[in-house]
Amino acid sequence: MRLILLGPPGSGKGTQAAVLSRRWGAPHVSTGEIFREAIRSDSELGSKVRRYTETGELVPDEIVNEIVFDRLARRDCQEKGFLLDGFPRTVAQARALDGWLADRGDGIDRVVDFEIGDEELIRRLSGRRHCEKCGRDYNIVFRPPRNAGLCDVCSGRLVARKDDSPESIRRRLEVTTETLNPLRDYYHAKGLVFAIDATGDVQEITEVLLAELGCAK
Ligand code: AP5
């Protein structure tokens, strides 16, 4: 399965991609996570992308395309397919991806479009936290830790992502308003889109996805 998870920030792409990836064994390729890891490890890529990611701007297409195609060329993606989370973000990226796959005789199988309103997105993103020691994810609204501010597993401190500040959330939503609809149109024209109401419970959404994508329990 070569799947794209499309949707605004906070719509649950990363949450669902992680579950589906565990279920299917296909790699979860998250451009946001690749950039955050590069920033954490102070790599050259990290220094190139930090100012974009932390302010909620898009990283230039040529940088994103190169790292995604390097990742997709690896054996696990070639053998098992992939779940793309956060890519493509522009029609130019989508065209580049189609070209890259077509050169290898491949193509995208399905595009899941996560539909959800801004008010709920802001609630989710404002509540998102992760443990700075072990990386485990929490949400102070939807998945709170047992002890406020501390990881259940390692007692590490819970922190917010830099781009989950109110200014950066606002900017990410503005950028999404400009870029998401043209991408939706691009994939609708190809007949690949399955739209899902992303406001439900995490598990319910997973069940709908598994049923639609032909992998129900
Ligand atoms: P990226 O990491 O891709 O961020 P994003 O698209 O803004 O998406 P998020 O990770 O914020 O949200 P999500 O939809 O994955 O939701 P999640 O599952 O975490 O990108 C970060 C930055 O990198 C970009 O701003 C840009 O600068 C750069 N970038 C990345 N890709 C790029 C590209 N292709 N081109 C250019 N630049 C690029 O859920 C959010 C919260 O809600 C969590 O706390 C979760 O627990 C909770 N939650 C999830 N589902 C539910 C549910 N059903 N009910 C209740 N709570 C839920």
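Note that ligands are numbered from 1 as they come in the structure, with each ligand's atoms numbered from 1 the same way. Quantities reported herein were computed from a predicted structural model and do not represent experimental measurements. Along the sequence shown, residues carry numbers from 1.
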Hits for salt bridge (charged side-chain N to carboxylate O under 4.0 Å, His left out) against D137, two or more places apart or cross-chain, chain-then-number order -> none
Any ring-ring contact (aromatic ring centres under 6.0 Å, His included) involving residues 156-183? Give me the pairs, sequence neighbours left out, ordered by first then second residue.
none
Can you list every pair that meets ring-ring contact (aromatic ring centres under 6.0 Å, His included) and has a residue in residues 92-141, with sequence neighbours left out?
F69-W100
With a 4.5 Å cut-off on side-chain heavy atoms, are [Y] and [X] touching?
| X | Y | result |
| --- | --- | --- |
| I169 | R161 | no |
| R184 | L6 | yes |
| L3 | R110 | yes |

Every residue of the protein that comes under 4.0 Å of ligand 1, judged on heavy atoms
P8, P9, G10, S11, G12, K13, G14, T15, T31, G32, F35, R36, Y52, T53, E57, L58, V59, V64, G86, F87, R89, Q93, R124, L125, R128, Y138, N139, F142, R161, D163, R172, G200, D201, V202, I205
